[in-house]
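Note that these values count all heavy atoms, side chains included, but never hydrogens, waters or copies made by symmetry.
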Amino acid sequence: MNRLVSILGITLLSSGLICSCSKTPGEITDNKTYTNEYYTNMLIPKTESGGQYMEETPDPSIVKGDDGYYYIFTTGNGGGKCFRSTDCVNWKLYLNSVIARPTWGDNGGAQPSVWAPDAYKVGDTWIYYYSLSGWGNAIGVGYATSSSIAGPWEDQGKLFTCQEIGVDNAIDPCIIEDNGHLYMVFGSFQGCALVELSEDGMSLKGGAAIQNKEKVLLAGVYGPWNGSAYEGSYIVKKDDYFYCFGSQGTCCEGKNSTYKVVVGRSKDVKGPYVDDKNRPLGGTLGNGKLVVWASMNNENIAGPGHNSVLIDDKGDYWLIYHAYCKRDNFQVRHLFMDKILWDEQGWPYIEGYQPSYGEELLGPSFEVKENTNETK
């Protein structure tokens with residue numbers, strides 16, 4: 001039940017045309033052969049007809065399927081969107097809407113739809129966890145199931161509501177497994193919390209009332225909305241630490257967006273998570289070690305954030321996130337990818353702490369299967 005182990009890239013020529021990315025010759029290390037492809041940020045998937053997909057791809061969650069494809073799930077079109085690839089470079093829109101817009105949370109407020117989904121395999125079942133929310137009208141978290149990551153998906157409705165779990169704006173689910181236990185971190189600018197799920201991943205362990213009492217505050221504070229808090233949490237383990245990534249600032253104001261990614265770490269999945277200055281993320285505002293941002297004088301990028309993390313076949317880590325860029329005059333959020341570097345103290349960061357843009361870079365590594373031209 002590994003979260004994912006590779007990722008994406010599309011090479012974009014300076015003229016703005018998508019081209020077929022060139023592969024590097026097989027690199028032999030550790031008696032294994034790897035191949036890479038080049039990419040250029042921003043990443044532009046293809047439509048069914050082969051054109052450029054220039055619509056929004058926000059809140060990307062990356063998953064390696066068990067069918068030879070890699071999948072990206074994002075906010076959009078009522079039920080969430082899905083992209084897939086065999087080589088993690090040439091991406092294509094696969095599902096324009098993963099499920100029909102869920103109606104179980106309709107309450108007369110802003111119409112709720114699927115935001116920031118996350119897919120995970122539990123046993124033989126794939127589960128598509130999703131936020132159900134409209135602007136100013138957060139409902140909670142629901143889920144859909146399938147025997148295949150490729151779908152079709154059957155919506156199962158509510159997992160929990162904001163009221164049941166005792167957290168306002170209880171959205172942005174992310175799954176992390178540790179020692180046979182399945183956990184979900186969630187929350188957006190009003191406290192990010194961790195709860196334990198049942199063994200099958202389809203309910204809260206002991207029920208909502210129990211988890212309401214037992215939930216653990218990982219980042220931010222419970223209470224009114226505050227942009228100095230955290231959202232879009234994503235936990236990944238490396239060596240002895242769990243790293244909890246989160247986004248701060250304004251996500252959705254085009255060129256004026258102040259979004260950025262920060263991180264804290266802990267040796268226990270339940271925390272407490274602290275930053276590189278040993279400042280806690282939980283119960284505080286504004287803490288966290290910087291991973292990536294767009295400075296005020298960055299003329300190309302604005303608002304990088306809401307990330308997921310991949311690990312390629314060589315063990316390199318990659319940050320997958322969305323950002324605005326000048327390609328479309330900062331109109332919508334697009335896919336970006338940058339390699340995660342690690343400092344001497346084991347803290348992750350992106351080179352220069354700024355998103356790459358317009359330069360050709362070597363993407364993730366994939367192991368080539370013995371006696372074939374296929375990658376793992």
Over 60° means perpendicular and under 30° means parallel, so tell me whether Tyr243 and Trp347 are parallel, tilted or perpendicular. perpendicular

Using a 3.5 Å distance criterion without hydrogens, assess whether the side chain of Tyr71 forms a donor-acceptor pair with backbone atoms of Gly65. no

Would you name the heavy atoms of Ile171 and Gly140 that are closest together and state the gap between them? CG2-O, 4.3 Å

Closest approach of Ala150 to Leu95 (non-hydrogen atoms, all atoms of both residues): O-CD1, 4.4 Å

Under 3.5 Å, is there a donor-acceptor pair between the Gln345 and Asp276 side chains? no

As a quick check of understanding, evaluate side-chain contact (heavy atoms from CB on, under 4.5 Å) for Ser356 and Leu361, giving each step before the final call. CA-CA 9 Å; Ser356 64; Leu361 300 171; 3.4 Å; yes

Quiz item: cation-pi between Lys92 and Phe83, 6.0 Å / 45°: no

Would you say Asn297 and Ser295 are linked by a side-chain donor-acceptor pair, where the criterion is simply a distance under 3.5 Å? yes

Is any side-chain heavy atom of Pro364 closer than 4.5 Å to one of Asp316? no

Tell me, do Val221 and Asn226 make a side-chain contact under 4.5 Å, heavy atoms counted? no

Carefully, step by step, assess Asp312 and Lys339 under the rule salt bridge (Lys or Arg N to Asp or Glu O under 4.0 Å). CA-CA 10 Å; Asp312 70 15; Lys339 188 175 183 179; over 6 Å; no

Backbone of His306 reached by a side-chain donor or acceptor of Asp59 within 3.5 Å: no

From Asp200 CG over to Asp124 CG, what is the distance, rounded to the nearest 0.5 angstrom? 12.5 Å

Shortest non-hydrogen separation from Tyr353 to Leu290 and the atoms involved: CE2-O, 3.5 Å

Taking Arg101 for the side chain and Val114 for the main chain, is one N or O donor matched with an acceptor at less than 3.5 Å? no

List the atom of Ser133, the atom of Ala138, and the distance in Å for their closest heavy-atom pair. OG-CA, 3.5 Å

Heavy atoms of Gln163 and Asn212 approach each other most closely as O-ND2, 4.3 Å

Flag this pair as yes if the NZ/CZ of Lys81 is under 6.0 angstrom from the six-membered ring centre of Tyr53 and inside a 45 degree cone about the axis; otherwise no. no

Exam field: side chain Lys270 to backbone Val216, donor-acceptor pair closer than 3.5 Å: no

Asp106 backbone acceptor or donor facing Thr103 side chain under 3.5 Å: no

Describe, in one word, how the ring planes of Tyr128 and Trp153 are oriented to each other, choosing from parallel (under 30°), tilted (30 to 60°) and perpendicular (over 60°). tilted

Looking at CD of Glu196 and OH of Tyr183, how far apart are the two atoms once the value is rounded to the nearest 0.5 Å? 4.5 Å

Should the pair Tyr130 and Trp104 be assigned to parallel (<30°), tilted (30 to 60°) or perpendicular (>60°) ring geometry? tilted

Less than 3.5 Å apart, any donor N or O on the side chain of Thr145 or Thr125 sitting next to an acceptor on the other? no

Judged by atom type as modelled, is there a donor-acceptor pair below 3.5 Å linking the side chain of Asn298 to the main-chain atoms of Asn300? yes

Show the numbers, then the answer: is there a side-chain contact (heavy atoms from CB on, under 4.5 Å) between Thr33 and Thr35? CA-CA 7 Å; Thr33 302; Thr35 186; over 6 Å; no

Can you check whether Pro60's main-chain N or O pairs, donor with acceptor, with Thr74's side chain at less than 3.5 Å? no

Working to the nearest 0.5 angstrom, can you tell me the gap between Ile320 CD1 and Asn307 CG? 9.0 Å

Charged N to carboxylate O under 4.0 angstrom, Lys205 versus Glu214? no

Please round to the nearest 0.5 Å and tell me the distance separating atom NZ of Lys121 and atom OG of Ser147. 9.5 Å

Compare all side-chain heavy atoms of Ile176 with those of Val269 and state whether any distance is below 4.5 angstrom. yes

Is Tyr317 close to Pro348 at the side-chain level, that is, under 4.5 Å between some pair of heavy atoms? no

Minimum side-chain heavy-atom gap Tyr230-Asn287 below 4.5 Å: yes

Where does the angle between the aromatic ring planes of Tyr259 and His322 fall among parallel (under 30°), tilted (30 to 60°) and perpendicular (over 60°)? parallel

Exercise: do Asp338 and Tyr321 side chains pair donor with acceptor under 3.5 Å: yes

Ignoring hydrogens and geometry beyond distance, is a side-chain donor-acceptor pair present between Asn169 and Ser188 at under 3.5 Å? yes

Do Ser131 and Pro173 have side chains that get closer than 4.5 Å, going by heavy atoms? yes

Return yes if some donor-acceptor pair links the side-chain N/O of Glu367 with the main-chain N/O of Tyr34 below 3.5 Å, else return no. no

Measure the CD1-SG distance between Ile99 and Cys82 for me, rounded to the nearest 0.5 Å. 12.0 Å

For the residue pair Thr258 / Thr250, report whether a side-chain donor-acceptor contact shorter than 3.5 Å exists. yes

So Ile127 and Tyr120, do their side chains get closer than 4.5 Å, heavy atoms only? no

Interatomic spacing from SG in Cys174 to CZ in Phe186 - rounded to 0.5 Å: 12.5 Å

Using only heavy-atom distances, determine whether the side chains of Asn36 and Ser365 contain a donor-acceptor pair under 3.5 Å. yes

Show the nearest heavy-atom pair for residues Ser97 and Gly78, with the distance to one decimal. OG-C, 4.5 Å

Quick one: does Thr161's side chain have a donor or acceptor within less than 3.5 Å of a partner on Ile139's backbone? no

Should Ile301 and Trp293 be regarded as members of a common hydrophobic cluster, given that ILVMFWY residues are connected when their side-chain heavy atoms come within less than 4.5 Å of each other, either directly or indirectly? no

Taking side chain as C-beta onward, heavy atoms only, is Ile72 less than 4.5 Å from Thr57? no

Can you check whether Lys277's main-chain N or O pairs, donor with acceptor, with Asp275's side chain at less than 3.5 Å? yes

